[in-house]
Structures are given as structure tokens and as C-alpha cells.
Amino acid sequence: MENRELLQTKRAIPDTPLLDRFPFPFKGDSYRYSNDSFKLEPRVLLDITPEYFEEIELKRNILKDRHEHAYQSMPHSMNGQWEILEFIVHEMVTQHPHYFHLEKDGDHWMFENLLLGERQSFTFGDASTLPFEPLDFIGRHVQEDLFYLGQRDGNLYLDAGQLCFPNNWSIGFNIGTPFLEFHKPVPEFYSSRMAEKVLGFLMRMEAGMPFRRPSWTTTVEKMLPVFRESFDEWSPKKKNVTTENAGNLVYLRVEDQRLFRLPGSNGILFSLHTHLISLEELTQNQKWAKQFYHVLLDAPDYMSEYKGYLPYKDKMIAYLSKQIESIS
Amino acid sequence: MEAVRLKLIQEQRISDYIYVLEVKTLTGSLNFYHGAAEQLRFKHQSFSLPIRFTAPYQEVGMYRIFIDTYFLTDEERLNVLNQLRTHDFQLECLSPLSFVLQPNTQKVLLFIEEIALLESLTVMEMLANLHIDMILLVTDELQITGKQINYKLWQDSMPTAISFQNKDVHFLLSWQKIGTHIFAAGAWPMVDRLKRIAEDVGFSDELFQFKGYGEMTPYVFCVRCYKLTKGNQNTQVQCEHCRTILDVSNQYSKRLGAYLGNIKAI
Ligand code: HEM
């Protein structure tokens, strides 16, 4: 009994307050699209937060209810998928041995998720021994959305992806397409040819030298899945934002994006971990509140329009300016 | 530049409208070994009709020309044949063949629809002369027409045509060996469909060549049900499958051959 309790406490995910771990994306008072990736330190993909249990449950429900909107793969992505599974399991058991466990006997693997109390035996490399495709399987144990990009013909193709918490884009439309094609809608980023430079940078990425970048927008209500596929369900909510309720209704949404070269397939593993914080909670950090206020004031309309907050931008600005005044 | 003058040696009617002409050059040589032309020009008269040619022995100035007389009246057809038998002639409006043979092609899967018959016969002739393995995949309709094609040069070397309708093309493509190329000649919807499958299976642009005929109908991808509906960019259409009203963007996926149709904002 004692032992078990000890294990339970060891396994409990530390309840660090959101403000102490939120990946605030801004360096200064202005934000423009740029080639803003920087070296990832420490070189890990997983960020296990107190929301682990609820987010995994949400992910799995989404995958059950609308699988094709949340998971897509090209037939030739299988090798890359296995490499990702191996990469993540390796990180799980070396970085988080209290949460995950692996027993290997040749190609026979027994993977155990101690947080969820689940075990899965399978033969590495034989997809018929797993209940889902390898990427779809391992993605159900992590909070991150995961993508495999295949590198060939001087291009990177979105060959497989598990996307449960999209920020208004469709994996079904974009699966199998090249980097420049799926970045075409991003204003300025595509037309200024920055996307081409970023592509060149990604294709030169080396194994063992991962990168990281934050991407941000805002979301009305605490909603991780923002599917383009159900635009009609969430977009009318933008109308409800007022200066008075913006603090509770609007969330700053940050995607912590990480990029890893996969040496076996020579592809890229792209992960994104989405974090949400209400404007009200954000204002508890006055420095952040001021920075975000200035970023919004300074943001060009093409960017606000693309990111989708233009209809309630003034409300956010009014709310933040009040909060900054009332505290300082 | 000196005009390339050609003289008929032998002719053969191989279907209701298609003729194969065995010709030699009197002066000059054509710019391409394998190509297309739009006009037969005699000294006093010219005729516009679909023409393809290929040079079976390349260096010796011999060509095989395929002409399709479908669009000519009976009178014009007789006239063309008479002229060919008695006069030398030139080919006008030349362009290279849509299909280019890449080095180290070992085998070609040739998908054909009837609309592309002339082009396909020329490609088949080219491949046969170069001793490249080919598999002919045709529509049911063309399989019937094909049986009526009577071309004695091919009696031994021609493979039989298999129908690809109701076949698992995805599966067929996925077990092809390295060195296999795909040629698709037909109406756009068929070409688009094959293109999509070929890309899914991992054939690069180089390995998949095509010639599309007719109107290129743009499609819209419904972001809700993931099915395609006919429609163009920057318009509004209703999805034929789930009835969602779509605001069609200008974002185009080559893989899907379709524009992204977003759910209309209310
Ligand atoms: C390699 C993996 C990557 C994938 C799979 C990916 C995918 C995407 C997708 C699907 C979108 C949304 C496009 C739409 O509206 O339909 C997007 C947006 C964007 N991407 Fe990427 N991207 C990747 C890497 C990068 C990198 C390295 C950069 C570096 C600058 C970048 C910059 C951007 C920007 C600026 C946006 C607009 C985001 C916003 O304003 O909200 N992406 N990306």
C-alpha cells in the first residue's frame, strides 16, 4: 500500500502554475513574421503539463469522433512514422522514467504508460501489431500534435500528421502537399519569399540540433480544437466579445513548435504544443500584459485579419489598457 | 530554313478514321523524332487535322505519321488521300510529343482514353520501336474499339489492353518496380484522378507524364466532408455531397486538383 502511494506521488505531474510555465511568445513590443526559429535547449520534444490527463482524453475523443479531420497520412510515410515512434518513446523513457516504461526484446516492444495505466506490446516495424498507425498511436500518449515531413526533390512534404488542436487549418486539404503550398495563405510570409528562406533553412537542419519557435494568435473561449472543418461552430463566438468580458472570453493561444531532423528517413519531425491563457490571467504578469497590448496596437491589419482576431481587436486593446492602468 | 518535304511510301487505314502513313524525307529532317503537327500542306492546298509522327529508325529519314480524319468530310478525306498518293507534302505547326522518354525507363504503364487514341498510338509505336515494355490500360469502351484496330506492324509486339475501370489502380501502382514510368492520356478528370493516385503512391512528376484533353474542370474540396464538387476559385458553391455552402478560396492543391472550399461565414 505504502509503495503504491509512493508511486502515485512520484507519478503526479507537478502542479506548476500556468503563469510560471506559459511560453510567452514576444521579445519586445512589436511582432512581425520572420525566420524566428532558435536552438532548442534542452533538446527535448515533450512538455508534460498538469493538463496532461484532460488533454489526452480530449485528443482521443476527437480521434474517435472525427478521425479524418485529425489524422492523415500518405502511404509512403510509414518508415518516417516508425522513426518518430522510436524517437518519442526513447525520450519518454530516458527523460520521464516515472511516467513511461519500455521493455525491448529484439523487435518485440512492450510500451507502458504509467500515467494512464496502459500497456501495448507490438513488433517494431510491423504496423499490423499496433491498433493505429505508429504516428497515430504515439500521438495518443502526448499532448503535442505531431507531423512527419518527408524531404525529397528539394522540398518538404507534409506526409503524415496527427492534428487534434488545429488553429484553423485543415490537415485533410494539406496532407501530401509541399511546404510552400501549405504556407501560401500566410500574408507577407509567402509573398515576401520568406517562406522560401525558411524552407532552405529547414532542409539544411541537422540531426541532434533541434529548433524551436513560438506561433501565436487568440481564441474565443478556452478551446483547443479550432478546426477549419467546423468553422461555423466557433467563428460566430467572436461577436460575443466585449471590453467587459474580454478578460474571461479571450485567450492568448501559443503554439510551442519544435523541429527535429530524423536521421534515418532524412525527414523532419514537427511538433506543436498549444497553450492557452485567458487575458485576465495574463494580466497578472504586468510586463506581459503591456507587451501584448503594444503588439496588438502595432499589428498590421493583414496580420490581424489572417490570425482572425480583427473583429474584436479593439475590445482586447481596451480591456488590456484598463487592466494596465488599474494596476500600475 | 529549308522546308522539310515528305513523300508517302505506304499507307494503311487502321480504324474508321485513323491512317498510318509510312513516309520518307526528300529534303531536310523534322525538328523532332516524335511530335505533333496540325496541318498537311501540299503545293496548292492544305488540310487541318490532328497529326502525330514518330521516327522508327531515326537516322534514315523515315517517319511514321498518324492522322485522324474524323473531323474531315468524306470528300475532304478522299481528297487528302489522293493528294498524299500523288504529291509530296509538308507538316505544319510542329511541336514535340507530350510524352518524353526519360533515360533508364524500363517499363511504361500507358493509361488511355479514346479521346487520346491518336497520341497513344504514336506513343505505343515509339515505345515498341525502342523495345520498352508497356502495359496498356484502357477504358472498357476503348477495349472494344481497340479490337477493331488493325495495324499489322504491331501484330506480334503489341501487348493486349487491359481495362482499368473498376480496377484498384492504387494497388496496381504501388507494386511497380523502380524504372516504371506512367503515361496518362485522356480527358482531364481521368488524368487528374491518376495523378492523384500516382502522387499518393510516391511517383514523382518525372515518373508521371500526362496529356489532358478537353475542358479542365476545376474542383472544390469541401473542408467539411472532404469530397470534391465542380467549381472555381473565389466563388461560392454548394457541396454536392454534404450540402454545405462553401466560400471557395484561391488556395489550390495540386495533389487534389482542387481549390479549398471553406464553410461560409454566417
Ligand atoms: C516544418 C513544419 C511546418 C509546418 C507543417 C507548418 C504548417 C503551417 C500551417 C498549416 C499553417 C497555416 C496555414 C493556413 O492558414 O492554412 C502555418 C502558418 C504559419 N507558418 Fe508554418 N509550418 C511549419 C514550419 C514553419 C516554420 C519553421 C516557420 C518559420 C517562420 C513557419 C511560419 C509560419 C507562419 C508565420 C504562419 C502564420 C501563422 C499565424 O500568423 O498565425 N512555419 N504553418
Side-chain angles (χ1 to χ4, degrees), chain A residues 66-80 150-155 157-160 163 166 168-187 190-191 226-239 265 267 305-306 308 310-311, chain B residues 102 168-176 178 192 195-208 218-229 231 233-234 236 238-239 241-266:
Chain A
R66 50 194 312 176
H67 192 255
E68 73 171 349
H69 295 168
Y71 185 78
Q72 290 281 333
S73 67
M74 302 297 282
H76 51 266
S77 66
M78 268 307 166
N79 287 341
Q151 185 159 325
R152 55 185 177 274
D153 319 326
N155 225 323
Y157 293 84
L158 183 52
D159 280 345
L163 175 66
N168 188 20
W169 63 282
S170 163
I171 185 112
F173 183 74
N174 288 299
I175 191 68
T177 63
F179 187 86
L180 294 179
E181 213 169 287
F182 58 74
H183 278 105
K184 217 168 199 166
V186 186
Y190 183 80
S191 54
V226 182
F227 281 91
R228 178 72 66 90
E229 288 82 351
S230 30
F231 179 79
D232 50 334
E233 286 163 27
W234 53 262
S235 85
K237 292 181 178 170
K238 293 181 191 180
K239 289 198 207 90
S265 56
E305 168 91 58
Y306 173 73
L310 195 55
Chain B
Q102 316 265 0
D168 188 347
V169 176
H170 206 284
F171 179 73
L172 175 76
L173 298 193
S174 61
W175 56 259
Q176 293 302 322
I178 291 175
D192 282 340
K195 225 164 114 178
R196 206 164 136 181
I197 300 174
E199 268 174 32
D200 273 3
V201 177
F203 279 81
S204 64
D205 287 356
E206 225 167 69
L207 297 177
F208 181 84
Y219 284 90
V220 174
F221 175 86
C222 170
V223 80
R224 170 163 279 156
C225 75
Y226 285 11
K227 296 202 176 80
L228 301 181
T229 294
Q233 59 178 316
N234 303 324
Q236 225 180 69
Q238 182 169 31
C239 173
H241 310 276
C242 73
R243 304 272 140 214
T244 302
I245 306 287
L246 301 170
D247 260 334
V248 188
S249 70
N250 58 6
Q251 212 184 333
Y252 185 78
S253 160
K254 282 200 213 121
R255 191 181 84 81
L256 298 168
Y259 291 99
L260 174 61
N262 289 308
I263 300 170
K264 186 179 149 49
I266 335 156

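When reading the values below, keep in mind they use all heavy atoms of this one structure, side chains included, and skip hydrogens, waters and symmetry mates. Lettering follows sequence order; numbering is per chain, from 1.
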_Residue among B:Lys264, B:His170, B:Lys254 with most heavy-atom pairs under 4.5 Å to chain A_ =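 Counting heavy-atom pairs under 4.5 Å, the top option is B:Lys254.
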Which pair of heavy atoms, one from [X] and one from [Y], lies closest together, and at what distance?
X	Y	answer
B:Ala258	A:Phe173	O-CE1, 3.8 Å
B:Arg255	A:Ile175	NE-O, 2.9 Å
B:Arg224	A:His69	O-NE2, 3.1 Å
B:Val223	A:Glu229	O-CG, 2.9 Å
B:Ser253	A:Thr177	OG-CG2, 3.8 Å
A:Ser170	B:Phe221	OG-CE2, 4.4 Å

Heavy-atom contact with chain A under 4.5 Å, split by part of [X]:
X	answer
B:Leu256	side chain
B:Cys225	backbone
B:Glu199	backbone
B:Asn262	side chain

*Would you indicate whether the side-chain heavy atoms of B:Ile263 and A:Glu233 approach each other to under 4.5 Å?*
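A side-chain contact under 4.5 Å is absent here.
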*Is the shortest heavy-atom distance from the side chain of A:Met74 to the side chain of B:Asp200 under 4.5 Å?*
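A side-chain contact exists here, since the closest heavy-atom pair is under 4.5 Å.
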*From A:Phe231 CZ over to B:Thr244 OG1, what is the distance, rounded to the nearest 0.5 angstrom?*
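Spacing of CZ (A:Phe231) from OG1 (B:Thr244) equals 13.0 Å.
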*Given a strict heavy-atom distance threshold of 4.5 Å, which part of A:Lys239 is in contact with chain B: side chain, backbone, both, or neither?*
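Contact with chain B involves the side chain of A:Lys239 alone.
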*Using non-hydrogen atoms only, which part of A:Asp153 is less than 4.5 Å away from chain B: side chain, backbone, both, or neither?*
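Just the side chain, heavy atoms under 4.5 Å.
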*Does CG in A:Asn79 sit with more than 12 non-hydrogen atoms of other residues, nucleotides or ligands closer than 6.0 Å?*
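Atom CG in A:Asn79 is not packed in, count stays at 12 or less.
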